[in-house]
Undergrad: 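Sharing a structure, written as structure tokens. Questions coming.
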Amino acid sequence: MPVHNSEIADKFDRLADLLEIENANPFRVRAYHNAARTVRGYPRSMSDLLDDGVDLTELPDIGDDLAKKIQSMVETGKLPLLDEVEARTPPALSELMKVEGLGPKRVRALHLELHIETLDDLKKAAESGKIHEIAGFGDKSEEKIKQRVEKFSGEEKRTKLIEAEDIAKPLLEYLKKAEGLKDIVIAGSYRRRKETVGDLDILVTAKKGADIMEHFTGYDEVDEVVSKGVTRSTVYLRSGMQVDLRLVPQASYGAALHYFTGSKAHNIAVRKMGVKKGYKINEYGVFKGDERIAGKTEKSVYDKVGLPYIEPELRENRGELEAAKKHKLPKLITLDDIRGNLHAHTKASDGHHTLKEMAEAAAGLGYEYLAITEHSQSLAFAGGLDKKGLLAHIKKIDKLNEQLDGIVLLKSSEVDILEDGALDYPDELLKELDFTVCAVHQKFDLPRKKQTERIRRAMDNPYFNILAHPSGRLINERDPYETDLEKILEAAKDNDCFVELNAQPQRLDLTDEGCMMAKALGVKISIATDAHSTSDLEHMRCGVDQARRGWLEAKDVINCLPLNKLLRLFKR
DNA sequence: GCCGTTTTCGGCCCGACTGTTTTCAGTCG
């Protein structure tokens, strides 16, 4: 069982937390966190990189020492230094640091003074009123800890982007009513269109004297006001979502927007570039000495460090700064580039609308084509069509196409990939289709090698065209099944197959990193909604967001092609 | 512990808010 990047990253983060509690050199602590971020976000597994003989010190923030530690973890699953540290500092202390308001210093104090090691210890200590006796803690701290421990669930919950939108939109409408408000924008990972967001960062500018903060904390969805200041306030909404509101002068709007959009790694890298040029960059602007020389727009900030504007979706320090320096940034795909949708269901399997209704909805979005991809015969529980049923459906589509104007329905099927890699219909039936969308829907728990081989074998079939939702994950609900994505993409490349970026907001499968890997390997992508209703068709925008995070351009995406060119791609 | 068209040693992003303090440490983003 190969070690996942996330496991390596978690170990580095835990080690960093414990070292911080032990009062280690803060820069050493940061080095471990930085390495964790690099490893967690890396599109290829450390294990595969080592197999290929890649020198890990080439990766950002990985030096000789950490490269060795990663190698040790890949080979043995162990990080000896972590074991060593955990032997003298209780491992659960790093959990305590996740409680809001508790950092390394206070966790250390709680441990030294009251021998608190676990959440349970902390809860008891708070209830028995021992905490306020420690130097640096008072009655308020004790009370807050008591409340926070009560609410603490242990896991940091990130909210799916589309759910965050549902929370953000009414709040934004409410905030816009504030007296004296000028600009308002949601920054942070929401603006970078990350698939999940941890909190909402809202940036505003306003007329002098306007009481925006009062208005904000008075929102009727506010559950708790964490802090409230002149330029910054933090609240929790009833939904559990944390919202930060920041107020900056208009002259600083661009610098603040850049700062609060992040990512942190991108910001730090840009700041470092500023320092090299003798500037200081913060949320108020770019400064040369005391003089503000830029900051009204984001572009002005990039300008000062000698870079072109970088789209928010790219700001992850995953090579965008290097690309920008060389003027090689991708021209990111937009929703307008999309000409059709290659994955949709109707009432014939598990969809909610008829062929005609789906066709008209797709035409209404300005599409040239919509592919009808009912489930195949093995997927009985999702209304999969048997051979006869599919043939009849094909005829229905032919007939409807004669009546339709401006849009063409493509005859396809979401064909199951069986456990042995065979497709769920015989070839003589598959050849009646314009193309196929093939997918794994059962036997999610095969070992990595077998699962990978299953999909690769399926691609050997000349009627295999697009691999749908390649990992099967459901965000926050179901883990991806174990595969070697790189090997699958290589097989797709070799067999002239394509890979889907499923735009369902709970799937978004490929990931952004998967898109980057596909692009690097020369595999083109279908961004498709897997629509089960007419309204689902509008989830295309979610897929496009994810594609943009994955550096994709219109030329990388097959459903940006006109119909005649698209169909040529499916002849293998 | 990482990193280097000034450096292989000496830097490492920085400002706001809170609470516990009498001038600032701790935490957060």
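Every heavy atom of this structure was used, including side-chain atoms; hydrogens, water molecules and symmetry mates were not. Naming convention: chains lettered A, B, ... in sequence-line order (proteins, then strands); numbering from 1 in each chain.
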Undergrad: So does A:Y259 reach the base of B:dG15 with its side chain, donor to acceptor, closer than 3.5 Å?
TA: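 Side chain to base: no pair below 3.5 Å.
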Undergrad: Using the P atom as the reference point in each nucleotide, state the distance between B:dC28 and B:dT20 in Å, no decimals.
TA: 15 Å
Undergrad: What's the closest nucleotide to the side chain of A:K272 if the choices are B:dG19, B:dC12, B:dC2?
TA: B:dC12
Undergrad: Let's see if you can work this out: which of B:dG26, B:dC12, B:dG29 has an atom nearest to the side-chain heavy atoms of A:R30?
TA: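 Nearest listed nucleotide: B:dC12.
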Undergrad: Taking atom C1' in both B:dT5 and B:dG1, what distance in whole Å separates the two?
TA: 24 Å
Undergrad: With the side chain of A:K276 defined as its heavy atoms from C-beta on, choose the nearest nucleotide among B:dT5, B:dC13, B:dG1.
TA: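 For A:K276, the side-chain atoms sit closest to B:dT5.
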Undergrad: Between A:K69 and B:dG1, is there a contact of a side-chain N or O with OP1 or OP2 at under 4.0 Å?
TA: yes
Undergrad: Of all the nucleotides listed (B:dC12, B:dG1, B:dG19), which has the minimum atom distance to the side chain of A:K140?
TA: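 Given the options B:dC12, B:dG1, B:dG19, the side chain of A:K140 is closest to B:dG19.
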Undergrad: Contact class for A:V275 (heavy atom, under 4.0 Å): base, sugar-phosphate, or nothing?
TA: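 Answer is nothing: A:V275 stays at 4.0 Å or more from every strand.
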Undergrad: At under 4.0 Å, does any side-chain N or O of A:R232 touch on OP1 or OP2 of B:dA16?
TA: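 So the side chain of A:R232 is outside the cut-off, no N or O lying under 4.0 Å from OP1 or OP2 of B:dA16.
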Undergrad: Determine the interatomic distance between C1' on B:dC3 and the same-named atom on B:dT8; round to the nearest Å.
TA: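 That atom pair is separated by 10 Å.
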Undergrad: Base, sugar-phosphate or nothing for A:E143? Non-hydrogen atoms, less than 4.0 Å.
TA: nothing
Undergrad: Are A:T231 and B:dC17 close enough that a side-chain N or O sits under 4.0 Å from OP1 or OP2?
TA: yes
Undergrad: Starting from the C-alpha separation in whole Å, work towards a yes-or-no answer on side chain to side chain donor-acceptor pair (under 3.5 Å) for A:T205 and A:D183.
TA: CA-CA 5 Å; A:T205 65; A:D183 305 290; 2.6 Å; yes
Undergrad: Given B:dG1, B:dC12, B:dG26, which nucleotide is nearest the side-chain atoms of A:K105?
TA: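 Output: B:dG26.
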Undergrad: Check if the side chain of A:N25 and the base of B:dG1 share a donor-acceptor pair of N or O atoms closer than 3.5 Å.
TA: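 Such a pair is found, so the answer is yes.
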Undergrad: In the structure shown, which nucleotide is the Watson-Crick or G-U wobble counterpart of B:dC3, with both distances under 3.5 Å?
TA: B:dG10
Undergrad: Toward the 5' end of DNA chain B, which comes first, A:R271 or A:E100, by nearest nucleotide?
TA: A:R271
Undergrad: Got a list of side-chain donor-acceptor pairs under 3.5 Å for residues 73-84 of chain A, not counting sequence neighbours?
TA:
| from | atom 1 | to | atom 2 | distance (Å) |
| --- | --- | --- | --- | --- |
| A:E75 | OE2 | A:Q71 | NE2 | 3.1 |
| A:T76 | OG1 | A:S72 | O | 2.7 |
| A:T76 | OG1 | A:K78 | N | 3.1 |

Undergrad: Phosphate oxygens OP1/OP2 of B:dG15: is one of them under 4.0 Å from a side-chain N or O of A:N282?
TA: yes
Undergrad: Suppose you measure atom P in B:dA16 against the same atom in B:dG11; what distance do you get, rounded to whole Å?
TA: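 26 Å, rounded to whole Å.
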Undergrad: Would you mind telling me which of B:dA16, B:dT27, B:dC14 lies closest to the side-chain atoms of A:Y284?
TA: B:dA16
Undergrad: Considering only the C1' atoms, how many Å lie between B:dC2 and B:dT7, rounded to the nearest integer?
TA: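 After rounding to an integer number of Å, I get 14 Å for this pair.
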Undergrad: Using the C1' atom as the reference point in each nucleotide, state the distance between B:dG29 and B:dC13 in Å, no decimals.
TA: 12 Å
Undergrad: Could you tell me the separation between the CD1 atom of A:I134 and the P atom of B:dT21, rounded to a whole number of Å?
TA: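 Rounding to the nearest Å, CD1 of A:I134 and P of B:dT21 are 12 Å apart.
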